[in-house]
2 protein chains.
Amino acid sequence: MPRPPTTQQFVLDELRRAILSRELAPNQPIRQDSVAHELGVSRVPLREALKTLEAEGQVVYRPHRGYTVAELSLADLLEVYRLRELLETEASLVSATKADERDSATVRAELRAVAEAAANGDLVEMIAANRRFHFAILEPADMPWLMRMVRTLWDTTDAYRAVYYNAPANRSRVLEEHEAIVRAFEARDGAELAGLLQQHREHAVAALRATLADTANG
Amino acid sequence: MPRPPTTQQFVLDELRRAILSRELAPNQPIRQDSVAHELGVSRVPLREALKTLEAEGQVVYRPHRGYTVAELSLADLLEVYRLRELLETEASLVSATKADERDSATVRAELRAVAEAAANGDLVEMIAANRRFHFAILEPADMPWLMRMVRTLWDTTDAYRAVYYNAPANRSRVLEEHEAIVRAFEARDGAELAGLLQQHREHAVAALRATLADTANG
DNA sequence: CGACGTAAGGTTGGATCCAATATACAGTCG
DNA sequence: CGACTGTATATTGGATCCAACCTTACGTCG
């Protein structure tokens, strides 16, 4: 596996992974010295990577007090999904009017990638492919500012997505829903597409609500 | 004027100001050494500030090639306003259902601040007060993720706002529209509020379109 | 005369070192 | 006994220095 071109990009990837896997727990202060040593790099690229994560809302920064991993409350989670609803609905409507055959082929390829990863039981790859699948649907809208925001919103909830995909029932429902979504996309039916994506998200939210309630009790 | 607590915050403010005033022109490479010397600081806090601006889309970064000021095309401008429409409409609707008397007082105070700055011919203060006015309207919605995104969208178009406010006719229309907006806010009429804000934005877009067309020709 | 390779200079990327601030603990005073 | 203050330590913030990469100009070859 080739290391990214710059160290700070490598550090950024590692930090995202660590936050996702709870290796760095929410509210935990990030000791720059220890993390830098752990990754075998200096503090400078680490600090630049943390600045990026701060702008994305993944960590919070207090001057002279350092960075801590952001805690995502239930309210935050609901807000993030509401914002995804607003932005992705817009993007899918526009995308349906602009997409061509090449876009359909890309989406269909990603659909297969998700299904394949699911069949192989490769959760990490399934999450990555799922992301590519959804972004491939929105990409034809050609709205770079929107895409940037949607990407940030996805990043913040990556940790929860891992939990969601852990349950086999959730995984199979995801695959079924993806099939319907692709059909709407290929039919260029924006309203249908937006509606299906909305249901897709609502199912995830419902499941996550239940999980969070469980965690809070247990 | 007290300097901010950290140097990087100071640098961030200075960079925003420089980009806004076209002191740093779009597509112009940002030579870290010269800018750092100009501000009397080292390159480290400058680089951290640039990372923040990169995440906001104000500058673009190419590894080993450095940062350049982002160019905002007409398509970008229209997209940014479309996204503001989506997000601010949502926020204003929620805000109308949650706001209390204290919020009304805050909004009204900012309304006066804008009018006062306009009367004094203080454009910089007018822009700042206008921003506070609009955010005070959205704040009661209590949606921090949305506010963060809206803030970013405002930041990217600050340069254009300065142009817009330069025309006296635009300024007086802004003040009139603000009056109506406050009335809807105090009446807790979400639909009316959202509609008025939308018109408010559309007027700005129309004026900016005309300005950009002029600039392109001249 | 044009195109490619190469070398030199300049700019960014990263590491180390020093200064400034916050935190924690101990000692003292009310 | 509790609260405050002063000090020591750990951690972050910033400056300087070195390495890696990109760019550009020059020379050479086709």
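Here is the naming used below: chain letters follow the sequence lines, and residue numbers restart at 1 for every chain. Just the heavy atoms: all of them, side chains too, but no hydrogens, waters or symmetry mates, feed the values below.
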### Message
Testing the 3.5 Å rule here: is there a donor-acceptor pair between the side chains of B:Arg108 and B:Ser104?
### Response
no
Less than 4.5 Å apart, any side-chain heavy atom of B:Pro140 and any of B:Asp100?
-> no
Residues B:Gly57 and B:Ala70: closest non-hydrogen pair is O-CB, 3.5 Å
Residues passing the ring-ring contact (aromatic ring centres under 6.0 Å, His included) test with B:Phe133, sequence neighbours excluded, are B:His178
Only one of A:Thr52, A:Ile19, A:Thr68, A:Leu24 passes side-chain contact (heavy atoms from CB on, under 4.5 Å) with A:Val59, and that residue is A:Ile19
**Salt-bridge present (B:Glu14, B:Arg17; N to O < 4.0 Å)** = yes
Quick note, ring-ring contact (aromatic ring centres under 6.0 Å, His included) partners involving residues 137-158 of chain A, not counting sequence neighbours, are A:His134-A:Trp154, A:Phe135-A:Trp154
Going by atom types alone, do B:Asp103 and B:Thr106 pair a side-chain donor with an acceptor below 3.5 Å?
no
In whole angstroms, the gap separating C1' of D:dC18 from CZ of B:Arg43 amounts to 11 Å
Note: contacts of residues 50-65 of chain A with DNA chain C (heavy atom, under 4.0 Å) are A:His64, A:Arg65
Q.
Tell me whether B:Arg201 is salt-bridged to B:Glu85, with the criterion being a basic N under 4.0 Å from an acidic carboxylate O.
A. no
Under a 4.0 Å heavy-atom cutoff, the residues of residues 24-35 of chain A touching DNA chain C are none
By ring-ring contact (aromatic ring centres under 6.0 Å, His included), A:Tyr67 pairs with (sequence neighbours left out) A:Tyr61
With a 4.0 Å cut-off on heavy atoms, is A:Glu48 in touch with a base, just the backbone sugar-phosphate, or nothing at all?
nothing
Chain A reaches DNA chain C, atoms under 4.0 Å from its heavy atoms, from C:dG14 to C:dT23
